[in-house]
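Heavy-atom basis, side chains included; hydrogens, waters and symmetry copies ignored.
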Amino acid sequence: ALVDAIGFQSADYFRALTGLAALGTLERARFAAPFVAWDQEQYQPSLLEQLLAERMTGSVRNLFGLLLLLYDRRCVTDAQRAVMVGGAGAQRLGVEYLDNVLEPAIRRVILPVIDERPLGEKLEAARALFGITVSSRTELLAGLVEEALDEAGDSAGFGAAALFEIYSTRYGRLYPSVQKIRASEYAEPLARETAEWISRRIDIAAHLRTGGA
């Protein structure tokens, strides 16, 4: 069960990373594996971008929490500190320790998350390990909004953040998704509230009638 949980957290990390790639934000970010950050004097990330980056950080933290249940607590804690807040040298030592002690099934899904491999290799690992690929921006946003149609399925607020991304970039192709959330009695409340907020600022129905882009 713990091995499955580790795999789930690793996949969650890669879903967030490929989400940022789909948004095109990684070109403006600093990718210091395993995390993504922005120079906010140069670029202010959107709410959705921030949530995806936080999901990556949370997944790494959760992975180490699971390792604490399986391996020496002090050594895992030291490796976590090295990976999450240490410099490049400390990070390499932390990864090397884990490479030596983790059983193969766990090492296979954790090291691609936490090691220093380049972004392109991280994305390839996502595909090879979990079949997770970089979708188009449209597919990403539409998928996140679709998840918000289930009131129990969007506790992190990604649907609302995707809706706000649609609004702030005036992404007319997905205005029907805003209407769909607004009309659904089963939608996650924050997403439905966001859709209502957007509809007070954009006449989506008129936009759709005229076939606006």
- Do E49 side-chain atoms and S46 backbone N/O form a donor-acceptor pair below 3.5 Å?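 Checking the backbone N and O of S46 against the side chain of E49, a donor-acceptor pair under 3.5 Å is found.
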- Query: Does R117 offer a backbone N or O that forms a donor-acceptor pair with the side chain of K122 under 3.5 Å?
  - Reply: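 Side chain of K122 to backbone of R117, a donor-acceptor pair under 3.5 Å: no, none is there.
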- Item | CD on E188 to CD on E193, rounded to 0.5 Å |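 Here the interatomic distance stands at 9.5 Å.
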- Query: Does a side-chain N-to-carboxylate-O contact under 4.0 Å join K180 and E146?
  - Reply: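 Salt bridge: yes.
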- Item | Side-chain ion pair, R55 and D12, N-O less than 4.0 Å |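 Answer for the salt bridge query: yes.
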- Positive for side-chain contact (heavy atoms from CB on, under 4.5 Å) with E165, one of L23, V145, L47, L144: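 Filter result, single survivor: L23.
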- Query: Between F64 and T77, is any pair of side-chain heavy atoms under 4.5 Å apart?
  - Reply: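 Side chain of F64 against side chain of T77, heavy atoms only: no contact under 4.5 Å found.
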- Are M84 and T57 side-chain neighbours, meaning at least one heavy-atom pair lies under 4.5 Å?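 In contact.
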- Test: R137 cationic atom under 6.0 Å from Y171 six-membered ring centre, within 45° of axis: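 The answer is yes; both the distance and angle limits are met.
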- Message: side chain to side chain contact (heavy atoms under 4.5 Å, CB included), that's the test. Do I110 and L67 meet it? Break it down for me.
- Response: CA-CA 10 Å; I110 283 188; L67 291 181; 3.6 Å; yes
- Query: Does CD in Q179 sit with more than 12 non-hydrogen atoms of other residues, nucleotides or ligands closer than 6.0 Å?
  - Reply: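 More than 12 heavy atoms, drawn from other residues, nucleotides or ligands, come within 6.0 Å of this atom.
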- Query: Should the ring pair F164 and W197 be called parallel, tilted or perpendicular, given that the plane angle runs from 0 to 90° and is split at 30 and 60?
  - Reply: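 Tilted: the ring planes of F164 and W197 meet at 30° to 60°.
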